[in-house]
Every structure is written in structure tokens, then in C-alpha cells.
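Working notes, structure below.
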Amino acid sequence: MDSTGETMPPVVAVFNHKGGVAKTTSAVNFGVCLAAHGYRVLLIDLDPQANATAGFGHQPLPTTGAWDVLTGHSGLAAALLPTPYPGLVLLPATGMLRTAEVDLAAEDVDAFSRLKTGLAGELKSCCDVAVIDCPPAFAVMTLNALLAATAVLIPTRPDPFAHEGLVNTWYEIRRLREGANSGLSVAGVLLTMTEAEGAIADGALAIRAEFGEHVFPMEIALDPRVGEAVQLSMPIAVLDPDGLAGRAYFDATEELIARVSAHVRPDIHLPMPAGRDHALNTLREWRSDSPALRRLPAQRGWTKRQPAPYGQAEPPSPFTDPPISEIAREDGMTAAWVVGALAIGAVIGMLAQHHWQLMR
Ligand SMILES: Nc1ncnc2c1ncn2[C@@H]1O[C@H](COP(=O)(O)OP(=O)(O)O)[C@@H](O)[C@H]1O
Ligand SMILES: [Mg+2]
């Protein structure tokens with residue numbers, strides 16, 4: 001409970017020591033799926049690489065963001081940016097985060113608890129749940145995230161190098177729970193970019209054997225559409241809510257809600273989510289409303305469908321978008337038409353001018 005005795009929203013830090021294990025992808029997709037469930041969600045980009053911020057199309061980076069809240073130069077509400085998805089707001093990374101590690105490390109007091117302090121008064125009025133995208137290092141920014149967090153989620157790719165990162169991450173979180181943040185729970189380990197067979201599949205089995213029920217039952221499979229989603233500045237759960245990775249993130253969000261809710265702490269409260277069908281249809285509606293997809297041929301666009309009756313398999317995905325290369329090809333053809341029309345216009349103009357001069 002805070003100083004007024006009220007409950008606070010859960011804060012989930014998405015962290016792994018290692019880079020490239022889908023921390024940002026997971027944080028963004030959890031954020032948008034939680035918003036589809038009807039929550040007011042605050043997504044905090046604490047990574048100086050600013051991938052989550054840029055992923056929502058904020059490039060060049062905004063001038064006010066996480067750094068300003070950390071340093072007390074801005075209140076939380078004043079630094080927030082809206083996203084295309086109702087309910088989801090972003091505390092963006094700014095260029096200042098790049099030097100934040102050095103600047104904050106030079107301070108001897110409170111360098112690690114600045115985010116917690118910055119969120120304290122305003123968190124509840126801004127959101128029902130917060131998700132933090134952490135940088136891939138156990139340094140000042142990550143410590144700020146893990147001291148402000150009530151739960152940590154660890155995405156990991158089940159390859160041998162990532163396994164080492166997972167073990168180190170686990171050890172660091174355990175140390176933190178024994179010391180600076182005893183209230184931090186482990187929401188779980190999420191296997192990402194998995195493959196059905198081969199070394200990656202074996203690695204997934206090994207991690208399940210080692211970390212047991214901490215590992216989410218669902219896995220986020222390697223899915224080429226995730227790359228398309230990045231190019232379109234859309235979370236995969238919105239681009240392809242019925243596809244491989246999109247649906248897996250939706251399912252993993254339900255698991256996250258259940259785990260965060262089951263972790264009994266009298267000071268943390270997460271309201272009940274909207275039903276599964278309602279949340280899925282919300283993602284589908286956001287997809288069909290997306291300006292980035294408006295140019296797709298109408299007959300290939302998504303059409304709303306009824307959810308399958310309980311206990312029956314979902315019908316196959318009703319849409320097959322053209323790949324990005326095809327959109328690019330269409331754009332190229334449009335550009336060729338425009339250039340051709342301009343050239344013809346220029347020739348007609350020159351002839352008219354010539355004719356005019358002869359007449360005079
Ligand atoms: N399920 C997936 N299938 C295919 N590519 C993925 C998947 N998840 C993430 N990626 C890609 O992997 C790369 C690293 O992901 P990212 O979320 O940036 O990792 P991190 O934040 O841990 O560094 C990105 O290019 C991202 O688009
Ligand atoms: Mg990242």
C-alpha cells in the first residue's frame with residue numbers, strides 16, 4: 001500500500017541479461033494485449049536503444065520522457081505519449097537515456113530508486129498496470145526498473161548462449177529479492193523465437209526441465225511476420241492476432257494476468273480483465289483500423305468473425321496479407337506511374353510554350 005493506504009497497480013519489468021531475446025517485442029505485445037483486455041496500460045521504455053519508442057513511430061525520439069521522470073524534471077503524466085491503441089500510453093526513451101548510466105552512477109544516493117520515486121505519486125492515476133522494457137544489462141537503468149517493479153518476466157531464446165544469460169539473470173534477480181526489493185516476484189520465464197525441432201527445441205525442453213513451473217506453458221514461435229510488424233511499426237499481436245506469434249503473445253498475456261493476480265500482495269491490485277473473445281476482437285478491430293494496412297487490397301483484408309463455440313477449434317485465419325515486399329512493389333509501381341505522368345505533363349508544357357512563342 002502507498003502512504004495513503006491505497007493499493008497500487010502491478011509493475012512488470014521485462015528483463016534478461018542478454019540482448020536479442022525478444023524483451024522489447026514481448027514488452028510491446030504484452031502492453032497492447034493488456035490494453036485489449038481493457039486495462040489502462042503504461043509502457044515504459046527504459047532502454048537507451050529506444051526500440052519500443054521507435055516501434056510506435058516516434059522517430060526522431062521525443063524530447064521529454066523516462067529520463068525526465070527519473071531526474072524529476074517532469075511529472076509522469078506530462079511525459080506520456082499516446083499510442084494508436086486506446087488504453088495504452090508510452091513513457092518514451094529519449095536521447096538523454098544514452099548518458100543516463102554514467103550520469104546517475106555518479107550520484108551516490110538514490111541512483112537506483114529514481115524510477116520508483118518518479119512513479120510513486122502518479123502511477124495509479126495513469127494506469128492499471130505498467131510494463132517496463134529494460135536494457136540488456138544489469139546496470140543502473142535495469143536496477144531502477146527492478147526496484148520499481150512488483151514482478152519480473154524473463155523472455156529467453158532457448159539457445160545455449162541465451163541459457164547462460166537466463167542463469168545469470170535468475171541469479172541477479174534472486175540476489176535482488178533477498179536484498180533491495182524483497183517484494184519482487186518472478187512472473188515467469190517466456191520461451192521466445194522457438195522452433196519445432198532441432199537444437200532450439202531441445203534447448204526449450206532443457207529449460208523447462210531446469211526451471212519447471214516458472215516457464216510459461218505457451219511459447220512464442222519464430223515467426224517471419226514479426227519482422228513485417230516491425231517494418232509497419234505495429235505490434236505482431238495487432239498485425240496478426242490469429243497468427244503464430246500474435247496469438248501466442250495473446251495467450252501469454254492471459255497467463256501473465258493470471259500469474260500477477262495470483263501473487264498475493266495486499267498492496268497490489270489488478271482489476272479483472274475483459275473476456276478472451278472481447279479482447280481478441282479488440283485486437284482484430286485495431287488491426288482493421290490501422291492506417292498502415294489501409295492500402296492492402298480490400299479482398300485480402302481482415303473480416304470480423306465470430307469466435308468458435310467453447311471447446312471447438314478456432315477456424316483458420318480469415319486473412320492472408322501480401323508480404324511487405326508486395327506492398328513495396330505496389331508502391332514502386334505507383335511511383336512509376338506518378339513519374340510517367342509528370343514527364344508527359346512536362347513535355348506537353350514545353351510544346352505549349354513553344355507553340356505560344358511561334359504564335360507571337
Ligand atoms: N517470435 C519472433 N519471430 C521472429 N523474430 C522475432 C521474434 N521475436 C523477436 N524477433 C526479432 O528478434 C529481434 C530481437 O528482438 P527484440 O525484441 O528487439 O529483443 P531484445 O529487446 O531482447 O534485444 C528483433 O529483430 C525482433 O523483430
Ligand atoms: Mg530491446
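Listed here is the closest heavy atom pair of Gly165 and Thr169: O-OG1, 2.6 Å. Scanning all heavy atoms of the two residues, the minimum distance from Pro155 to Val14 falls at CG-CG1, 3.5 Å. Contact detail for Leu91 and Ala79: the closest heavy-atom pair is CD1-CB, 3.6 Å. Between Ala35 and Pro86, the shortest heavy-atom distance links the atoms CB-O, 3.9 Å. The two residues Ala201 and Ala196 have their closest heavy-atom pair at CB-O, 3.5 Å. The shortest heavy-atom contact between Arg114 and Asp110 is CG-O, 3.1 Å.
Between the side chain of Ser290 and the backbone N or O of Ala292, at least one donor-acceptor pair lies under 3.5 Å. Not a single donor-acceptor pair under 3.5 Å links the side chain of Lys116 to the backbone N or O of Asn144. Using modelled atom types, no side-chain atom of Thr150 and backbone atom of Gly183 make a donor-acceptor pair closer than 3.5 Å. Although no hydrogens or angles enter the test, the distance criterion places a donor-acceptor pair under 3.5 Å between the side chain of Glu101 and the main chain of Val140. No side-chain donor-acceptor contact under 3.5 Å links Thr194 to the backbone of Leu191. A donor-acceptor pair under 3.5 Å is absent between the side-chain atoms of Arg177 and the main chain of Ser182, judged by distance alone. Side chain of Thr83 to main chain of Tyr85: a donor-acceptor pair is present (N/O by atom type, distance under 3.5 Å, no hydrogens or angles). In this structure, Lys23 contributes its side chain and Lys18 its backbone to a donor-acceptor pair below 3.5 Å. Under a 3.5 Å cut-off, the side chain of Glu122 and the backbone N or O of Leu76 do form a donor-acceptor pair. At least one donor-acceptor pair closer than 3.5 Å links the side chain of Arg40 to the backbone N or O of Lys124.
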Test side chain to side chain contact (heavy atoms under 4.5 Å, CB included) on Leu190 and Tyr249 and set out the steps. CA-CA 10 Å; Leu190 178 67; Tyr249 270 119; 4.0 Å; yes
Where do Thr7 and Asp267 land on the side-chain hydrogen bond (donor to acceptor under 3.5 Å, both in side chains) test, with the steps shown first? CA-CA 5 Å; Thr7 56; Asp267 57 337; over 6 Å; no
Please lay out, stage by stage, how Val12 and Phe30 fare under the test side chain to side chain contact (heavy atoms under 4.5 Å, CB included). CA-CA 10 Å; Val12 181; Phe30 279 129; over 6 Å; no
Run the numbers on Ile154 and Ile173 for side chain to side chain contact (heavy atoms under 4.5 Å, CB included), then give the verdict. CA-CA 10 Å; Ile154 313 167; Ile173 289 169; 3.7 Å; yes
Decide yes or no on side chain to side chain contact (heavy atoms under 4.5 Å, CB included) for Leu115 and Ile132, but give the supporting numbers first. CA-CA 11 Å; Leu115 182 64; Ile132 309 178; 3.8 Å; yes
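To the nearest 0.5 Å, the span separating CD1 on Ile257 from NE2 on His37 amounts to 4.5 Å. To the nearest 0.5 angstrom, Arg157 atom CZ is 4.0 Å from Ile200 atom CD1. Between the CG atom of Asp223 and the CG atom of Leu239 there is a distance of 9.0 Å, given to the nearest 0.5 Å. Atoms CG and OG1, on Asn29 and Thr192 in that order, are 12.0 Å from each other to the nearest 0.5 Å. Between Asn51 atom CG and Thr25 atom OG1 the span is 8.5 Å, to the nearest 0.5 Å. Taken from CZ in Phe15 to CG in Leu146, the straight-line distance is 6.0 Å, to the nearest 0.5 Å.
Ring geometry for Phe138 versus His17: interplanar angle under 30°, hence parallel rather than tilted (30 to 60°).
For Glu178, the CD atom is densely surrounded, since the number of other residues' heavy atoms within 6.0 Å is greater than 12. Remark: Arg98 CZ is loosely packed, at most 12 non-hydrogen atoms of other residues, nucleotides or ligands lying under 6.0 Å away. Other residues, nucleotides and ligands contribute more than 12 heavy atoms inside 6.0 Å of the CD atom of Glu210.
A donor-acceptor pair shorter than 3.5 Å can be found between the side chains of Thr24 and Asp133. Side-chain atoms of Glu6 and His269 form no donor-acceptor pair, as typed in the model, at a separation below 3.5 Å.
No side-chain heavy atom of Thr94 sits less than 4.5 Å from a side-chain heavy atom of Thr63. Counting heavy atoms from C-beta on, the side chains of Pro136 and Asn16 never come closer than 4.5 Å. Between Pro271 and Tyr39 there is a side-chain heavy-atom pair separated by less than 4.5 Å.
Both Val226 and Met218 belong to a common hydrophobic cluster when Ile, Leu, Val, Met, Phe, Trp and Tyr are linked at side-chain heavy-atom distances under 4.5 angstrom. Placement of Leu43 and Val230 in two distinct hydrophobic clusters is found when ILVMFWY residues are connected by side-chain heavy-atom separations under 4.5 Å, directly or transitively. Clustering ILVMFWY residues whenever any of their side-chain heavy atoms sit less than 4.5 angstrom apart, transitively, puts Met193 in a cluster other than the one holding Ile207. Two different hydrophobic clusters hold Val21 and Val167 under the rule that ILVMFWY side chains link at heavy-atom gaps under 4.5 Å. Taken together through direct or relayed side-chain contacts under 4.5 Å among Ile, Leu, Val, Met, Phe, Trp and Tyr, Leu46 and Met96 form part of one hydrophobic cluster.
Listed by first and then second residue, the salt bridge (charged side-chain N to carboxylate O under 4.0 Å, His left out) pairs involving residues 68-93 amount to none (not counting sequence neighbours).
Comment: Arg225 engages Glu228 in a salt bridge, judged by a side-chain N to carboxylate O separation of less than 4.0 angstrom. By the 4.0 Å N-to-carboxylate-O rule, Asp251 lies close enough to Arg276 to be salt-bridged with it. With salt bridges taken as basic N to acidic carboxylate O contacts below 4.0 Å, none links Arg247 and Asp240. The pair Glu213-Arg208 does not count as a salt bridge, with every side-chain nitrogen at least 4.0 angstrom from each carboxylate oxygen.
The six-membered or imidazole ring of His214 lies near that of Trp170, with a centre-to-centre distance under 6.0 Å.
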